[in-house]
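Computed from a predicted structure; not experimentally measured.
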Amino acid sequence: MTKRIISILSALMLILSMVSCNEKKEPFMFFAMNTFFTADIECDDDEIFSLLQNKAAEMEKIFSAADGDSLVSKAGRGESIKNFEGNVHLITLANASVSASKATGGYFSPVMGALTSLWNINGEDFDLPDEKDIKNALLTSDISNLIVNEDDLILKNGARLDMGGCAKGYTADEFLKLFDEKSVTRAVVSLGGNILCYSQNEDEEFKIGLRAPFVNDDSLCAVLNTSRGVISVSGGYERYAEIDGKMYHHIISPFTGYPADSDLACAVIVSKGIYKLCGSLADCYSTALFAAGFDEALKIYENIKEDADIILIKNDKTVYASEELKDSLKLSDGYSYIH
């Protein structure tokens, strides 16, 4: 049996127009939450980069399923989190996740910890899970197994949290608070599959290059001119394991318990500006749209289009984009719009 495990940690998007001004700090990179963060910021406060790094570390301590002492892990063991520092973050994101699950018809679920630990795509010793174990774990993955109270969580029927599909989006939301507190003028931050574009000027434009969503392809599939907000990309090419020539990616369907059999190469969410939890919701939505596949993704879009625009890139390199984006999205050669 031939096995290969791939994890793409480089940014899924490239910042093509960087912030430029006399007060701009040098671009800064650090590793957190199992990915590389890069930040390009215009700000008078020299501490801004260390504040971002500390905030990412704080979020990782709360949301990491791999850390047995994280709040996510404690909740998964049935422990109360009401008296732990940081519980407000987990409660807030859990509530947003429940809303996203409803808006996406269940294609996003934050209670898939039992399934994702079975698949363990990030692990060094990946083996295909047993079908019986998948069926048992699937029973715990319905959103009805999560009850969110004012200061605590209740997980039923052996359900376990996995906030990997939204934690970096929430971290982007926390960065936005720091930018307001520190009077940041402009900023572009890459958080793995998410990019946060910020400016005090609501009319500021940013040019973002979208990487081709295919294995071993570092070219651009499109360039997007966008205003401030959060862009989130989900695709099966980000992390996957290969056994005997078959690829098993990391985005698990909450309906089958297996890697989503999607006809999409990637799904892109572009938040309509900056609003409360725009990063969290963008992260949830992009995961859901990829898992749902093209036809269902279009139906889901009807539920979320007040908050976000979408770009769907199919495996055959045909592209659907919201009408609002078509004038600002330039496709690369080899890609074409779906008519």
Side-chain angles (χ1 to χ4, degrees), residues 32-35 37 51-104 106-118 120 122 136-181 191 194 230 232 252 254 275-285 287-288 307:
M33 305 177 80
N34 202 35
T35 194
F37 285 57
L51 290 172
L52 292 181
Q53 192 167 4
N54 291 340
K55 178 60 69 173
E58 177 190 354
M59 296 299 100
E60 185 168 21
K61 190 65 180 174
I62 294 169
F63 297 121
S64 174
D67 182 352
D69 291 326
S70 71
L71 288 192
V72 160
S73 295
K74 292 179 187 296
R77 293 193 295 267
E79 298 180 32
S80 171
I81 64 165
K82 66 164 42 176
N83 295 320
F84 284 97
E85 184 178 356
N87 72 329
V88 65
H89 295 294
L90 184 51
I91 296 295
T92 300
L93 186 52
N95 272 318
S97 298
V98 171
S99 297
S101 181
K102 293 177 180 177
T104 62
Y107 277 101
F108 180 84
S109 174
V111 288
M112 293 178 61
L115 277 170
T116 53
S117 64
L118 271 182
N120 192 31
N122 290 326
N136 289 335
L138 191 58
L139 296 175
T140 72
S141 300
D142 189 270
I143 192 65
S144 63
N145 289 318
L146 172 62
I147 298 175
V148 186
N149 295 322
E150 183 177 346
D151 59 359
D152 207 354
L153 302 176
I154 298 174
L155 291 166
K156 303 187 299 181
N157 301 320
R160 291 165 54 187
L161 288 174
D162 185 342
M163 312 300 277
C166 52
K168 285 187 275 293
Y170 184 80
T171 302
D173 291 326
E174 288 296 294
F175 285 178
L176 281 170
K177 294 178 184 178
L178 284 174
F179 293 162
D180 285 337
E181 291 171 9
L191 310 86
N194 303 270
V230 177
S232 181
I252 310 301
Y275 50 87
K276 185 177 180 181
L277 297 177
C278 60
S280 304
L281 292 174
D283 215 357
C284 293
Y285 293 156
T287 301
D307 296 329

Visitor: Do the side chain of Asn194 and the main chain of Ser232 share a donor and acceptor less than 3.5 angstrom apart?
Guide: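 Between the backbone of Ser232 and the side chain of Asn194 there is no qualifying donor-acceptor contact (under 3.5 Å).
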Visitor: Is a donor on one side and an acceptor on the other found under 3.5 Å between the side chain of Ser97 and the backbone of Leu93?
Guide: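 Checked: pair present.
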Visitor: How many angstroms lie between atom CD1 of Ile147 and atom CG of Asn149, to the nearest 0.5 angstrom?
Guide: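 Result: 7.0 Å between the selected atoms.
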Visitor: With sequence neighbours excluded, tell me which residues meet side-chain hydrogen bond (donor to acceptor under 3.5 Å, both in side chains) with Asp180.
Guide: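 Tyr198.
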Visitor: CD1/Ile154 to CD1/Ile81 distance, rounded to the nearest 0.5 angstrom?
Guide: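 It is 11.0 Å, given to the nearest 0.5 Å.
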Visitor: If you define the side chain from C-beta out and look only at heavy atoms, does anything of Ile143 sit under 4.5 Å from Pro110?
Guide: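 Ile143 reaches Pro110 side chain to side chain.
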Visitor: Can a donor-acceptor pair be found, under 3.5 Å and without considering hydrogens, that links the side chain of Glu60 to the backbone of Ala32?
Guide: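 Checking the backbone N and O of Ala32 against the side chain of Glu60, no donor-acceptor pair under 3.5 Å is found.
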Visitor: Do any pairs count as a ring-ring contact (aromatic ring centres under 6.0 Å, His included) and have a residue in residues 61-84, sequence neighbours left out, and if so which ones?
Guide: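 Qualifying pairs, neighbours excluded: Phe63-Tyr170.
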Visitor: To check you understand the geometry: which heavy-atom pair defines the closest contact between Arg160 and Ala114, and what is its length?
Guide: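 Closest pair (atom of Arg160, atom of Ala114, distance): CB-N, 4.0 Å.
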Visitor: If you look at every heavy atom in Asp152 and Lys82, which pair is closest and at what distance?
Guide: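 Answer, listing the atom of Asp152 first, then Lys82: OD1-N, 3.9 Å.
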Visitor: Apply salt bridge (Lys or Arg N to Asp or Glu O under 4.0 Å) to Glu58 and list each qualifying residue two or more places apart in sequence or on a separate chain.
Guide: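 Partners of Glu58 under the salt bridge (Lys or Arg N to Asp or Glu O under 4.0 Å) test: Lys55.
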Visitor: Would you say that Asp151 contacts Ile91 through its side chain, given a criterion of any heavy-atom pair below 4.5 Å between the two side chains?
Guide: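 No. Closest side-chain heavy atoms not under 4.5 Å.
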Visitor: Can you tell me how far apart OG1 (Thr140) and CG (Asn136) are? Round to the nearest 0.5 Å.
Guide: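 Output value for this atom pair is 9.0 Å.
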Visitor: Among all residues two or more places apart in sequence or in another chain, which pass the side-chain contact (heavy atoms from CB on, under 4.5 Å) test with Thr104?
Guide: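 Scan of Thr104 (side-chain contact (heavy atoms from CB on, under 4.5 Å), adjacent residues dropped) gives Tyr107, Phe108, Tyr285, Ala288, Ile300.
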Visitor: Nearest 0.5 angstrom please: Leu115 CG to Ser117 OG, how far?
Guide: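 If I round to the nearest 0.5 Å, the distance is 7.5 Å.
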Visitor: Find out whether Leu153 and Leu146 are in side-chain contact, i.e. whether some heavy atom of one side chain is under 4.5 Å from a heavy atom of the other.
Guide: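 The answer is yes; the side chains approach within 4.5 Å.
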Visitor: Please name the pair of heavy atoms, one in Val72 and one in Ala65, separated by the smallest distance, quoted to 0.1 Å.
Guide: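 For Val72 and Ala65, the tightest heavy-atom pair comes out as CG1-CA, 4.4 Å.
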Visitor: Taking Ser70 for its side chain and Asp67 for its backbone only, find out whether a donor-acceptor pair lies under 3.5 Å.
Guide: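 The answer is yes, because a donor-acceptor pair under 3.5 Å joins these two groups.
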Visitor: Around Glu85, counting heavy atoms of other residues, nucleotides and ligands shown, do more than 12 lie under 6.0 Å from its CD?
Guide: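 Counting neighbours around CD of Glu85, 12 or fewer heavy atoms of other residues, nucleotides or ligands fall under 6.0 Å, so no.
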Visitor: Out of curiosity, Met59 CE to Met33 CE, how far, rounded to the nearest 0.5 Å?
Guide: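 It is 8.0 Å, given to the nearest 0.5 Å.
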Visitor: Tell me the closest heavy-atom pair linking Thr287 and Asp283, and the distance in Å.
Guide: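 Minimum heavy-atom contact is OG1-O, 3.1 Å.
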Visitor: Please output the side-chain donor-acceptor pairs of residues 161-168 that fall under 3.5 Å, not counting sequence neighbours, one pair per line with the distance.
Guide:
residue : atom : partner : partner atom : Å
Asp162  : OD1  : Gly164  : N            : 2.9
Asp162  : OD2  : Thr116  : OG1          : 2.6

Visitor: How close do Leu281 and Ala96 get, heavy atom to heavy atom, and via which atoms?
Guide: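 Looks like CD2-O, 4.0 Å.
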Visitor: If we ignore hydrogens and angles and just use 3.5 Å, is the side chain of Ser109 paired with the main-chain N or O of Pro254 as donor and acceptor?
Guide: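 Not a single qualifying donor-acceptor pair exists.
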Visitor: Between the side chain of Arg77 and the main-chain N/O of Gly68, is any donor-acceptor distance below 3.5 Å?
Guide: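 Yes, because the side chain of Arg77 sits within donor-acceptor range (under 3.5 Å) of the backbone of Gly68.
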Visitor: Kindly give the heavy-atom pair with the smallest separation between Ala75 and Leu155, and that separation in Å.
Guide: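 What the structure gives for the nearest pair is O-CD1, 3.3 Å.
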Visitor: Test Ser280 against every option in Asp173, Thr171, Thr92 by the side-chain hydrogen bond (donor to acceptor under 3.5 Å, both in side chains) rule and name the one that passes.
Guide: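 The single option meeting the side-chain hydrogen bond (donor to acceptor under 3.5 Å, both in side chains) with Ser280 is Asp173.
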Visitor: Considering residues at least two apart in sequence or located in another chain, which fulfil the salt bridge (Lys or Arg N to Asp or Glu O under 4.0 Å) criterion with Glu181?
Guide: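 Glu181 satisfies salt bridge (Lys or Arg N to Asp or Glu O under 4.0 Å) with no other residue.
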Visitor: To the nearest 0.5 Å, tell me how far Leu51 CG sits from Phe179 CZ.
Guide: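 Reported value, rounded in 0.5 Å steps: 10.5 Å.
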